[in-house]
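The block underneath contains the structure these notes are about, expressed in structure tokens.
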Amino acid sequence: SNLSWLGYGCLKQDWTLIAVNTIGAALQTLYILAYLYYSPAKRPVLLRSLLLLAVLAAGYGYFTLLIADMRTRLARLGLFCSIFTISMYLSPLADLAKIVRTKSTRCLSFPLTIATFLASTSWTLYGLQLRDPYITVPNVPGIVTSVMRFWLFWRYPPGQDKPYRPLHA
């Protein structure tokens, strides 16, 4: 995601997108390297990482070699980034049925929900300021899904499913 948005920022010459996504890509790379280093199953992690790099290289080739017109390239890359971002924001809701069935939000991260809400709101406002639908539109689902997760935390507090045990038996 960071590398895609970095490419979009480079095409638009938007230094905010470039700076934020350069830092994000560097941090994600460090995370992947640390995970790979400490992972006991290095081969599957390495193979997945190499597969993702191959997909990224293919995407880079598509956007730079096959689409000559800069406006078309920017629009298609913006659409790709938007779809990727929307799917990222919707992914925590995959556990929605489990949360409702168990009446527990134990599988959700409250700090991540706060961070997602703040980031998606910031990017939505930035996109509105630039009048860039490729930045604005995909971040609205981040706000909506964050509000849904806040409601789930309110409705099913994380410790609710634990049985009550008095301190002194």
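Please read these numbers as outputs of a predicted model, since none were measured by experiment.
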Count I, L, V, M, F, W, Y as connected when their side-chain heavy atoms are under 4.5 Å apart, and connections chain through other members. Are [X] and [Y] then in the same cluster?
X      : Y      : result
Met88  : Ile114 : no
Leu112 : Phe150 : no
Tyr62  : Phe80  : yes
Tyr35  : Leu33  : no
Ile23  : Val20  : no

Answer yes or no: is there a side-chain heavy-atom contact under 4.5 Å between [X] and [Y]?
X     : Y      : value
Tyr89 : Pro138 : no
Ile18 : Cys10  : yes
Phe63 : Leu11  : no

Original post:
side-chain contact (heavy atoms from CB on, under 4.5 Å) between Ile99 and Ser104: does it pass, once the steps are laid out?
Top reply: CA-CA 5 Å; Ile99 293 166; Ser104 172; over 6 Å; no
Working to the nearest 0.5 angstrom, can you tell me the gap between [X] [atom1] and [Y] [atom2]?
X      : Y      : atom1 : atom2 : answer
Thr113 : Arg149 : OG1   : CZ    : 4.0 Å
Leu53  : Leu46  : CG    : CG    : 9.5 Å
Thr16  : Leu130 : OG1   : CG    : 7.5 Å
Ile32  : Ser39  : CD1   : OG    : 12.5 Å
Lys98  : Arg106 : NZ    : CZ    : 9.0 Å
Leu77  : Trp5   : CG    : CH2   : 8.0 Å

**OP:** On the 0 to 90° scale, with breaks at 30° and 60°, tag the Trp154-Trp151 ring pair as parallel, tilted or perpendicular.
**Re:**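 Trp154 vs Trp151 ring planes: tilted.
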**OP:** Quick one: sort the Tyr126 and Trp123 rings into parallel, tilted or perpendicular, breaks at 30° and 60°.
**Re:**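 Taking Trp123 first and then Tyr126, their aromatic rings stand perpendicular (interplane angle over 60°).
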For the student: nearest non-hydrogen atoms of [X] and [Y], plus distance:
X      : Y      : result
Ile67  : Arg73  : O-NH2, 2.9 Å
Cys107 : Asp95  : SG-CB, 3.8 Å
Ser120 : Gly142 : OG-C, 3.3 Å

Subject >> Full working for side-chain contact (heavy atoms from CB on, under 4.5 Å) between Tyr8 and Ile135 >> reply: CA-CA 10 Å; Tyr8 184 78; Ile135 298 173; 4.2 Å; yes
**OP:** Carefully, step by step, assess Leu3 and Asn21 under the rule side-chain contact (heavy atoms from CB on, under 4.5 Å).
**Re:** CA-CA 7 Å; Leu3 291 174; Asn21 288 291; over 6 Å; no
Quick one: does [X]'s side chain have a donor or acceptor within less than 3.5 Å of a partner on [Y]'s backbone?
X      : Y      : value
Ser82  : Tyr134 : yes
Asp69  : Thr72  : yes
Asp14  : Leu17  : yes
Thr105 : Tyr156 : yes
Thr145 : Leu90  : no
Ser4   : Cys81  : no

Subject >> Residue Lys42 excluded, over 12 heavy atoms near NZ under 6.0 Å >> reply: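 More than 12 heavy atoms, drawn from other residues, nucleotides or ligands, come within 6.0 Å of this atom.
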Original post:
Counting heavy atoms not belonging to Phe84, are there more than 12 under 6.0 Å from its CZ?
Top reply: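 12 or below, so no.
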**OP:** Take Tyr60 and Leu56 through the test side-chain contact (heavy atoms from CB on, under 4.5 Å) and record every step on the way to the result.
**Re:** CA-CA 6 Å; Tyr60 179 78; Leu56 183 66; 5.7 Å; no
